[in-house]
Amino acid sequence: MSVRVRFAPSPTGPLHMGGVRTALYNYLFARQHKGSFLLRIEDTDRKRYVEGAEQYIIDSLKWCGITWDEGPDTGGEKGPYRQSERLEIYRDYANMLIEKGYAYFAFDTPEELEEMRTRLKTEKNPNPQYDCVTRMKMKNSLSLSPEEVSSRIESGEDYVIRIRIPEAEEVVVEDIIRGRVVVNSNIIDDKVLFKSDGMPTYHLANVVDDHLMGITHVIRGEEWLPSAPLHVLLYRYLGLTGSMPRFAHLPLLLKPDGQGKLSKRDGDRLGFPVFPLEWKDPVSGELISGYRESGYFPEAFVNILAFLGWNPGTQQEIFSLKELVQTFSLERVGKSGARFDPEKARWFNHRYLMEKPLGEIRDMFRVILDTKGYRPPDDMLEKICALVRDRVNFVHELWEQSYFFFKAPETFDEKFAKKKWKEDTPGLMLKLTRKLQALNSFDTGNIEMAISELMQETGAGAGKIMPALRLSLVGAAHGPDVKEIMNILGRDETVERIKRATDIMS
Ligand code: GLU
């Protein structure tokens, strides 16, 4: 049987990086097994529906290079792939459960439910729930007479459909990552399967769709593990145990200090994004940062996510999406939470910045320079990128490391000047400019020769000449190798800058 997996997000807001990881693992698993990857939008909770969230999910996955074979935009044989467009399907399944006695109608109002929780609260049972212990004391088709049930339904009273969870039964979930998980049914409540607004809840719609869409493996976040026993029961009650998918619950993403779940709020608070793309809240207008806008390459982001819960068991850390498809396996996904390390995330981006063809980096940097009004020639810009990329993690940081190539210094670091610009410096600089002008070609080898000659002739050490030169060219104590800077600036600009600095500082 060929593998069919799905990513089933609810459009309740922007997709968290944990969600993208779930999508990625599903994608890798599908591609590796030459199976199909589906995107299914679980939008039956209309109260939590957020405008723009579905588009955000699609844009995020596309940015990562994650593609799907069936989905709301691409279509497919098992569609529609938006649950709000499948509503009539779920009703039949709910009715089937009622007929078989595995589900029932419940008429309790929110006030009555609240009242039950307070009334039955004891020290031993601090959170009483709607279950085998309490259900007969509530208003439902198990506790009321058939006549009353019919008359309530006919009079148009609001009702929900609840699953009837069996008493004291061991429910077994076989999980690829966690092994055998056994849960006593007494801790599961009679979850609502169908709401009074005529919408199925997540549990029913999810199980029905996984079945109808032929899903073979359910790969999802650990937060859904508590729901898995309920899903196992639903498969059983619907007579679908034989085609039940296999489960794999992925470990939680933890905060950088390892203390607790990485939450939506952590990112901007701790100074790193938790969302793939920037998100503007449609109601509050609040802007939340994204990996894309923060300067991450999608390949780096994917690589970061791949390692949050999985490892190849070797030293290799840099993996393209293609290599991940070959190497990934659910067996190498860990059980324990995966700590997110923002430092390591930046390191990944740095590695990709170092590996990318220079021409690509140049073009990306050019976009930034354009906004600042600088248009250096291609070859010069490429040399600059080659020289300073080792010092940065992001393309936008190239500016900080190279701004002096595009504009001559207007000010000079005073502290540095005081220490390094001495009375005899102007004389030395003048001699140097003459030597530079006499060079055949202005390559770093010749520049070095000119400087050594100057040192030999004047007896001035490198500690005297090089800082003064740097100050003249950069205006400050930082920057890459001075000879490289001179070579890129070219002879005229170099000489001019030295002369200007000498004029200003003398
Ligand atoms: N709609 C659920 C979510 O938002 C899907 C969980 C699952 O994959 O079963 O994550």
Side-chain angles (χ1 to χ4, degrees), residues 3-30 36-50 52-58 60-61 66 68 70-72 78 80-87 90 93 173-178 181 191-193 195 199-235 238 240 244-253 261-264 274-276 279 305 309 330 333:
V3 160
R4 284 176 66 82
V5 291
R6 81 319 191 256
F7 177 51
S10 298
T12 52
L15 187 62
H16 184 258
M17 61 192 284
V20 188
R21 184 200 55 175
T22 299
L24 173 67
Y25 285 15
N26 273 284
Y27 166 86
L28 297 175
F29 188 76
S36 304
F37 175 48
L38 284 66
L39 175 63
R40 183 173 75 223
I41 302 294
E42 303 210 324
D43 57 350
T44 56
D45 190 346
R46 302 315 284 180
K47 280 200 219 90
R48 295 183 59 216
Y49 181 82
V50 171
E54 180 181 320
Q55 194 55 45
Y56 180 93
I57 291 164
I58 289 181
S60 300
L61 299 183
I66 298 174
W68 47 98
E70 300 168 34
K78 308 278 184 185
Y81 296 90
R82 226 177 255 115
Q83 288 186 328
S84 59
E85 294 164 20
R86 304 170 59 81
L87 294 179
Y90 310 119
Y93 284 86
V173 180
E174 296 286 357
D175 190 279
I176 297 172
I177 296 167
R178 266 138 231 284
V181 180
K191 283 259 176 324
V192 173
L193 300 179
K195 292 176 286 182
M199 288 289 211
T201 58
Y202 153 73
H203 302 291
L204 181 69
N206 183 272
V207 164
V208 166
D209 284 347
D210 281 348
H211 163 64
L212 292 177
M213 295 181 180
I215 298 304
T216 56
H217 296 76
V218 167
I219 305 169
R220 62 185 173 193
E222 186 184 288
E223 64 274 26
W224 301 103
L225 186 59
S227 302
L230 171 69
H231 297 176
V232 168
L233 287 173
L234 274 172
Y235 280 103
L238 292 169
L240 303 172
M244 186 167 79
R246 297 191 64 200
F247 292 102
H249 287 91
L250 307 174
L252 288 178
L253 297 193
K261 208 169 117 172
L262 185 65
S263 83
K264 300 196 173 186
V274 283
F275 296 102
W279 165 259
L305 291 181
L330 283 176
V333 173

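Note that the structure is predicted; figures quoted are calculated from it, not measured. Order of listing sets the numbers, starting from 1, for every ligand and every atom in it.
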Item to check | Under-4.0 Å salt bridge between Glu223 and Lys261 | outcome: no
Checklist outcome for this item: Ranked by distance from atom 4 (O) of ligand 1, the top protein heavy atom is Ser10 OG, 3.1 Å
Checklist entry - Quick check: does Ala8 get an N/O under 3.5 Å from an N/O on ligand 1? => result yes
Item to check | Interatomic spacing from CD1 in Ile219 to CG in Leu24 - rounded to 0.5 Å | outcome: 10.5 Å
Item to check | Atoms in ligand 1 with a heavy atom of Asn206 nearer than 4.0 Å | outcome: 7 (C), 9 (O)
Next on the checklist: To the closest 0.5 Å, what do you measure between CG (Leu204) and CG (Leu234)?
Outcome noted: 6.5 Å
Next on the checklist: Determine whether Arg82 and Asp43 satisfy the following criterion, salt bridge (charged side-chain N to carboxylate O under 4.0 Å, His left out), listing intermediate values before the conclusion.
Outcome noted: CA-CA 7 Å; Arg82 226 177 255 115; Asp43 57 350; 5.1 Å; no
Checklist entry - Does even one non-hydrogen atom of Arg6 get within less than 4.0 Å of ligand 1? => result yes
Checklist outcome for this item: Candidates Phe247, Tyr202, Trp224; heavy atom nearest atom 3 (C) of ligand 1 found on Trp224
Next on the checklist: Using side chain to side chain contact (heavy atoms under 4.5 Å, CB included), reason through Asp210 and His231 one step at a time and then give a plain yes or no.
Outcome noted: CA-CA 11 Å; Asp210 281 348; His231 297 176; over 6 Å; no
Next on the checklist: For Phe7, which part has a heavy atom under 4.0 Å from ligand 1: side chain, backbone, both, or neither?
Outcome noted: neither
Checklist entry - Among Arg40, Glu70, Arg86, which one satisfies side-chain hydrogen bond (donor to acceptor under 3.5 Å, both in side chains) with Tyr81? => result Glu70
Item to check | Glu42: numbered ligand 1 atoms lying under 4.0 Å from its heavy atoms | outcome: 1 (N), 2 (C), 5 (C)
